[in-house]
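These notes are about the structure you will find just below.
Just so we're on the same page: letters track the sequence lines, and every chain starts at 1.
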2 protein chains.
Amino acid sequence: MAPVPHGHVTLVQVARWAGVSAQTVSNAVNNPERVAPATRERILAAVEELGYEPNLSARALRNRSSSLIAFKTRPARTDKASLLMDEFLYALNAAAAEAGYHLILCHAEDGSANEIKAYRDLLKKTSVDAFVLAETHRNDDRVSALRSWGVPFASFGRSWDGDEATSWVDVDGRAGTRAATEHVAAQGHCRIGHIGWPAESEIGSERREGWLEGCRGRELETDLQAAVADTLEAGRQAAHRMLDSSRPATALVCASDTLALGVLRALHERGLRPGADVAVTGFDDSPTAALVSPGLTTLHQPIDVVGRQLIQSIDNLLAGDLRDPQHVLLEPELIVRGSSLPGPPRQ
Amino acid sequence: MAPVPHGHVTLVQVARWAGVSAQTVSNAVNNPERVAPATRERILAAVEELGYEPNLSARALRNRSSSLIAFKTRPARTDKASLLMDEFLYALNAAAAEAGYHLILCHAEDGSANEIKAYRDLLKKTSVDAFVLAETHRNDDRVSALRSWGVPFASFGRSWDGDEATSWVDVDGRAGTRAATEHVAAQGHCRIGHIGWPAESEIGSERREGWLEGCRGRELETDLQAAVADTLEAGRQAAHRMLDSSRPATALVCASDTLALGVLRALHERGLRPGADVAVTGFDDSPTAALVSPGLTTLHQPIDVVGRQLIQSIDNLLAGDLRDPQHVLLEPELIVRGSSLPGPPRQ
DNA sequence: CTGTTAGCGCTTTCAC
DNA sequence: GTGAAAGCGCTAACAG
C-alpha cells in the first residue's frame with residue numbers, strides 16, 4: 001500500500017509559496033540569523049499562512065534526534081494511597097510540551113533486566129533523545145546502562161551512589177519528616193514515635209533521619225521506632241505496639257500516608273481520637289489524606305517543580321552542557337490537618 | 001552539527017551480512033511469505049545476530065505511519081479519590097506495547113479547543129496512527145474533529161451521541177450501581193437513597209438509572225435522591241439531608257467513592273456506624289476505599305480489559321476494518337467491604 | 001523469488 | 001545570504 005496523501009504542509013510547499021528554496025525555509029525556521037530579515041519575514045509569514053509544522057520523523061531520520069523523551073510507566077499500586085506518579089506524569093508531560101518535547105511511554109515487566117532491554121529496544125527503534133527515570137535506588141542498573149550507552153537522562157530521585165555525573169531532582173524527605181516532627185513537638189508532644197520502612201530503602205532512611213534530627217533537636221527520646229513494610233496493616237500493628245509501650249507514644253510520625261492510615265485505624269480500634277489523643281502525620285499528601293476524618297497532616301511534594309526541573313536538566317544535557325549536571329533538592333510542604341492538632345477536629 | 005554515528009544496525013548491514021539486497025531483508029521482516037524459506041531463515045538469523053531493530057522514524061517517513069498512539073494526559077484531580085486514570089494509562093500502555101505500538105502523550109490546557117489544536121499539531125508533526133480518548137461526553141468536539149480528519153480513534157467511554165461509527169469501550173455504570181443497590185437490599189435495607197451527579201453527566205445518569213432499576217425491582221421507594229457535585233463535602237451534606245428525613249435512609253448508594261467518603265464523614269459526625277447503622281457504597285474502587293475503616297464497598301472497573309480492548313479496536317481500525325466498529329460494555333465488579341455489611345466491621 | 005530505482009521531508013555540507 | 005546536491009533508513013513499484 002502506497003503512502004496516502006496526507007495534506008501536511010512540507011518545507012518545499014512553503015518554499016514555493018515564499019519563492020525561495022527549501023533550504024532557506026529550513027534556515028529561517030531553525031537558524032533565523034542566517035537569513036536576511038526581509039526573506040525571513042516573508043518565509044515566516046508563509047509558514048504561518050500555510051500552517052506548516054516540521055515533520056518530526058524526517059527530522060529524526062536526518063538528525064538522529066526526535067525531541068522524544070521516554071518514561072517507563074509502572075503499575076499503580078492499589079495498596080498505596082499515593083497519586084504521586086499520576087501527578088508526576090502530568091507535570092512532566094506539561095513541562096515537556098512547553099519545552100517542545102514529547103513524552104513517549106515505555107513498558108516493561110518488572111525487573112531491571114526487562115526494563116533495560118525495553119530501553120535498548122526503544123533507542124534502536126526510535127531515536128529518543130533522553131530518558132527520565134523514577135524511583136532510583138542504590139546500584140541502579142538502569143543508571144549504569146544508560147550511562148554506558150551515552151544516553152542523556154535525568155532522574156526523579158537522587159543518585160544514591162554518590163554519582164555526581166547524574167542530573168537529578170528529588171524531594172528532601174529528611175527535611176520534611178523533621179518539619180513534621182517539630183510540628184508535633186510544638187504541640188507539646190514528648191513521646192514521638194516513628195513508623196518507617198526498612199533500612200534497605202534509601203528514601204525510608206532519609207525520612208527516619210529527619211525524625212531523629214527533629215527529636216534530638218528538642219532532646220526527645222528516640223526509642224519508639226519501627227521499620228515495616230509500606231502497608232496499612234503494618235502501620236496499624238506498629239501503632240498498637242507503640243501505644244502498648246509502658247510509656248506510650250503520644251505522637252506518631254510516619255514515612256507514608258499508607259502507614260499513617262494504618263495508625264488511624266489502630267487509634268479507631270482503641271477508641272482514641274487522632275489529634276486530640278494522639279497526633280499522626282503521614283507523607284505524600286495523597287488524596288486520601290484530605291478525605292479521611294479528621295484530615296491527615298502530611299507532606300506535599302512540589303511535583304510540578306520536579307517535572308519542570310527534570311525537563312530543564314534534560315534540555316541542558318541535550319544542549320551539550322554535559323559538564324554541569326544539576327542536583328536539585330526540593331523541600332516538601334507540611335500540610336497541617338486535624339490529625340496532628342489538639343483541638344476538636346474540624347476537617 | 002552532523003548526525004553522529006549511532007551504532008544502530010540498518011537494513012543494509014543486515015543485507016550485506018546475509019548476502020541479499022536491502023529490499024529482501026525488508027520483505028523477510030514485513031512480508032515473510034514473499035521470501036523463499038531458506039533465504040528468509042538466513043536473513044532472520046542475521047537480524048537476530050546483529051540485533052537489528054527497524055528504525056521507526058524512517059518507516060514513519062516512508063509509510064506515513066508511526067505505530068504511535070496518542071493519549072492526552074489530564075491533571076490528577078487531588079480532590080478525587082480515584083486512581084483510575086493512573087491505572088488506565090498503565091493498562092493502555094501495556095496493551096499497546098504488546099501489540100507493537102507506543103504511546104505518545106499529548107498535552108493541552110483545559111478546553112476542547114486547545115485539545116483539538118494539540119491533536120492537530122501532533123498529527124502534523126509526528127504521523128501518529130491513532131488517538132485514544134477518555135471521558136467522552138455528549139457533543140464531544142474531539143470526536144467530530146478526529147472524524148473530520150479521518151484519523152482512527154477509540155474512546156474509553158461510549159459515544160453518547162448514538163454515534164455508531166465510533167469504537168468505544170466502557171464500563172456499565174448502570175449495571176454496577178444496580179448490583180450495589182441489590183446488594184444492600186439483600187442486607188434487608190428498604191430505605192435506599194442515592195447520591196449522584198447532576199443530570200448533565202451522562203455517566204451520572206447511567207449510575208442513577210442503575211439505582212432506580214435496583215429499587216424498582218424490589219418495589220422500594222425512590223424518593224431519596226440527590227444530584228450534587230463530585231466532592232466529599234457535597235456527599236457529606238447530602239447524607240445529612242437524607243438522614244434528617246422523616247423516614248431516613250438506612251442505605252446510601254453513591255455514584256463515586258468521593259461522595260461515599262463524604263457520607264462516611266457525615267455518619268461519623270452523627271455517631272452512626274457505617275455498615276451496622278447505615279450501609280454505604282461507592283464507585284471506582286479507589287485506594288482510599290480499601291484504606292478507610294471500615295472498608296468501603298464499591299465497584300471495581302476492569303481497567304486492564306478496557307486497555308486491551310481499546311488497543312484491539314485501534315488495531316482493527318488500522319488494519320482497515322473500518323466497517324465494524326467495536327462497542328464493548330464491561331461489567332464492573334462489586335467489592336463488598338465493611339461499609340455495607342451489618343456485622344461488626346472486620347476490615 | 002529477488003534486485004534496482006526512487007523518494008518520503010528534512011538538514012548539513014559546499015558552491016555561488 | 002541563498003541554492004543545489006546528497007543522504008538519513010526504509011519500503012512500494014516495477015523489472016528481471
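Atom CZ of B:Arg62 and atom P of C:dC10 are 16 Å apart (whole Å). As a whole-Å value, the separation of B:His8 NE2 from D:dG9 P is 10 Å. Atom CG in A:Leu11 sits roughly 15 Å away from atom C1' in C:dG7 (whole-Å rounding). Put simply, CG on A:Asn63 is 9 Å from C1' on D:dC8, counting in whole angstrom units. Across the protein-nucleic acid pair, B:Leu61 atom CG and D:dT11 atom P stand 11 Å apart, rounded to whole Å. One atom, NZ of B:Lys124, and another, P of C:dC8, lie 20 Å apart when rounded to the nearest Å.
Distance alone, capped at 3.5 Å, is enough to place a donor-acceptor pair between the A:Asp163 side chain and the A:Ala165 backbone.
Taking only side-chain nitrogens and oxygens, A:Arg64 comes nearer than 4.0 Å to OP1 or OP2 of D:dG9. Within the 4.0 Å cut-off from OP1 or OP2 of D:dT11, at least one side-chain nitrogen or oxygen of B:Arg59 is found.
If you check D:dG9, C:dC10, D:dT11 against the side chain of A:Asn55, the one that comes closest is C:dC10. Listed nucleotides: D:dC10, C:dG3, D:dG3. Nearest to the side chain of A:Ser21: D:dG3.
Residues from residues 22-43 of chain B that place a heavy atom under 4.0 Å from any atom of DNA chain D, listed by number: B:Gln23, B:Ser26, B:Asn30.
Residues satisfying the side chain to side chain donor-acceptor pair (under 3.5 Å) criterion with A:Arg34, sequence neighbours excluded, are absent altogether. For A:Glu53, there are no side chain to side chain donor-acceptor pair (under 3.5 Å) partners at least two apart in sequence or on another chain. Residues passing the salt bridge (Lys or Arg N to Asp or Glu O under 4.0 Å) test with A:Glu41: none are found, sequence neighbours excluded. Legend: residues meeting ring pair (Phe, Tyr, Trp, His ring centres under 6.0 Å) with B:His327, ordered by chain and number and at least two apart, are B:Trp168. With sequence neighbours excluded, the residues satisfying salt bridge (Lys or Arg N to Asp or Glu O under 4.0 Å) with B:Lys72 are B:Glu115.
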Return a table of donor-acceptor pairs under 3.5 angstrom between the side chains of residues 23-30 of chain A and protein atoms on other chains or two or more places apart.
unit_1, atom_1, unit_2, atom_2, d
A:Gln23, NE2, A:Asn27, OD1, 3.4
A:Thr24, OG1, A:Ser21, OG, 3.2
A:Asn30, OD1, A:Arg59, NH2, 3.0
A:Asn30, ND2, A:Ser26, O, 3.1

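Within the structure, the side-chain hydrogen bond (donor to acceptor under 3.5 Å, both in side chains) test picks out the following pairs touching residues 93-103 of chain A (sequence neighbours left out): A:Asn93-B:Thr73, A:Tyr101-A:Asp315.
Over its full length, the helix from C:dC1-D:dG16 to C:dC16-D:dG1 turns its helical axis through 40°, comparing axes from the five pairs at each end and rounding to 10°.
Remark: the B:Gln326 side chain and the B:Ser167 side chain contain no N/O donor-acceptor pair separated by less than 3.5 Å.
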